[in-house]
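Quick caveat, the model's predicted, so the values are computed rather than measured. Chain letters run A, B, ... following the sequence lines, proteins first and then strands; every chain starts at 1.
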Protein chains: 2
Amino acid sequence: MTPKARVRTAGRISESTIKRLSLYYRALSVLEQTGQGTVSSQDLAGREDLSPAQVRKDLSFFGTFGTRGLGYPVGELRAKLARILGIDRTWNVAVLGAGNIGTALVSYREFKNQGFLIKRIFDSDPRKVGARHGGLVVSDIARLESDLVSERIEIVVIAVPAEAAQPLADRCVRAGLKAILNFAPVNLVLPDDVCLRTENMSMELEYLSYTLVNCALPPQG
Amino acid sequence: MTPKARVRTAGRISESTIKRLSLYYRALSVLEQTGQGTVSSQDLAGREDLSPAQVRKDLSFFGTFGTRGLGYPVGELRAKLARILGIDRTWNVAVLGAGNIGTALVSYREFKNQGFLIKRIFDSDPRKVGARHGGLVVSDIARLESDLVSERIEIVVIAVPAEAAQPLADRCVRAGLKAILNFAPVNLVLPDDVCLRTENMSMELEYLSYTLVNCALPPQG
DNA sequence: AATTGTGAAATTGTTCACAGCA
DNA sequence: TGCTGTGAACAATTTCACAATT
């Protein structure tokens, strides 16, 4: 009854549920393009190798989106998931590191399509500063703090060598940044109120390696 | 007692345990370089933001590696984890797609350091075929099947647009490939005996976006 | 005294199964 | 009849707590 009594779902929702929401969103975007008006939990689940019960349970954490007997309205559900995921808007992004990964990300169309706008790419190497990549000019890392503010950067992508990552992350945090996507193979230590996700590509290859060695069936079975 | 009665741990080991093994491996590599001889579960856990009990439990699935009262021998444990993860050897890798991500991966040093040797990079665009990237010349995708065999490729990395991914994956599987790392934002459908991992960079950004919108604390707390 | 290895307890996440509704 | 929404059952994972060991 007090103002604070409003629904405070977020917080107890699991990481895996949010990740699946991304998958549902992706499948719904495809469905919307085909013009299909409604989709059952069964169909939606099948498109991402999940179970129908999982789909219904995940969605139920956030509200009631479907019609019993019919299914979910494709366009409407997609829009509502966009809202929940916070991608019904644009986000200003900066990339730190103009090496292989950093420059690849700048030209990666998927990001722009999802509303993640890369506004700046930084490097500390004078030979890289000034170079062009996909319409952006590499800025000197010395300008980091001032540019984060002037460009209203909300998310920073770290794509520098492992040893350079923590000091840069610290600088971003001191400048008030609240979200980091880290591609450096290192465990960043940050205050609790800063959101951090780490992409560990070696980990994925090592998982494949483990599976090949330990779980591969012999040629005949 | 029968030959088949040998330890069959692998299979019931969870995905999360294997991923953490990668983290332990990484931390141990750093520790080994500093010359530290032993490490406690507490220290090791702290380096990757995990709990000491988690470390001990994970390791206990694979054997007894530590000494009560002392801790774990750094170099020895690192070597044993390398064995378990299947990275105490090299793997032959091919990259499909010479776009931004594909070419970035070819020059990514972390992979070579871990024993993942990129032997070929393919593209279907005649304008890209023949170009050089980090010591490799882009091959025509028409040569895929023959090169997979002649180069003894064991892992394929897919870095092509979503719509091209499934047909290419099918070609690889028909050629006998058993492991795929997929960067295309699509759910690949493959036979059960093929190992598949998918890197979904948009998902990670969407997770950050979700957290910023739903969990960010107001400025004053 | 310190630290592992591990059953048991607690917690978290998934699936079931069916009431409720179109 | 078909399909959602959901509490309850089940399964998986993590944490606890302590005996065992150096």
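The residue among A/S51 and B/G71 whose nearest nucleotide of DNA chain C lies closer to the 5′ end is B/G71. Both B/P52 and A/L70 lie near DNA chain C, and the one whose nearest nucleotide falls closer to the 5' end is B/P52. Mapping A/K57 and A/T67 onto DNA chain D via the closest heavy atom, the residue that lands nearer the 5' end is A/T67.
Residue A/R20 has a polar side-chain atom (N or O) positioned under 4.0 Å from OP1 or OP2 of C/dT14. Of the side-chain N and O atoms in B/Y72, one or more sit less than 4.0 angstrom from OP1 or OP2 of C/dG5. Residue A/Q54 has a polar side-chain atom (N or O) positioned under 4.0 Å from OP1 or OP2 of C/dT15. Using a 4.0 Å cut-off, no side-chain N or O of A/S40 falls inside it from OP1 or OP2 of D/dC3.
B/R68 contributes a side-chain N or O that forms a donor-acceptor pair with the base of C/dT4 under 3.5 Å.
Counting heavy-atom neighbours within 6.0 Å of B/R89 CZ, excluding the residue itself, gives a total above 12. Heavy-atom neighbours of B/Q36 CD from other residues, nucleotides or ligands within 6.0 Å: above the threshold of 12.
Among the heavy atoms of the strands, none lies under 4.0 Å from B/T17. B/S41 comes within contact range of the sugar-phosphate backbone alone, with a heavy-atom separation under 4.0 Å but no base atom that close.
B/Q166 and B/D170 are linked by a side-chain donor-acceptor pair at a separation below 3.5 angstrom, with hydrogens and angles left out of the test.
Remark: side-chain polar atoms of B/E151 are not paired, donor with acceptor, to backbone N or O of B/K119 under 3.5 angstrom.
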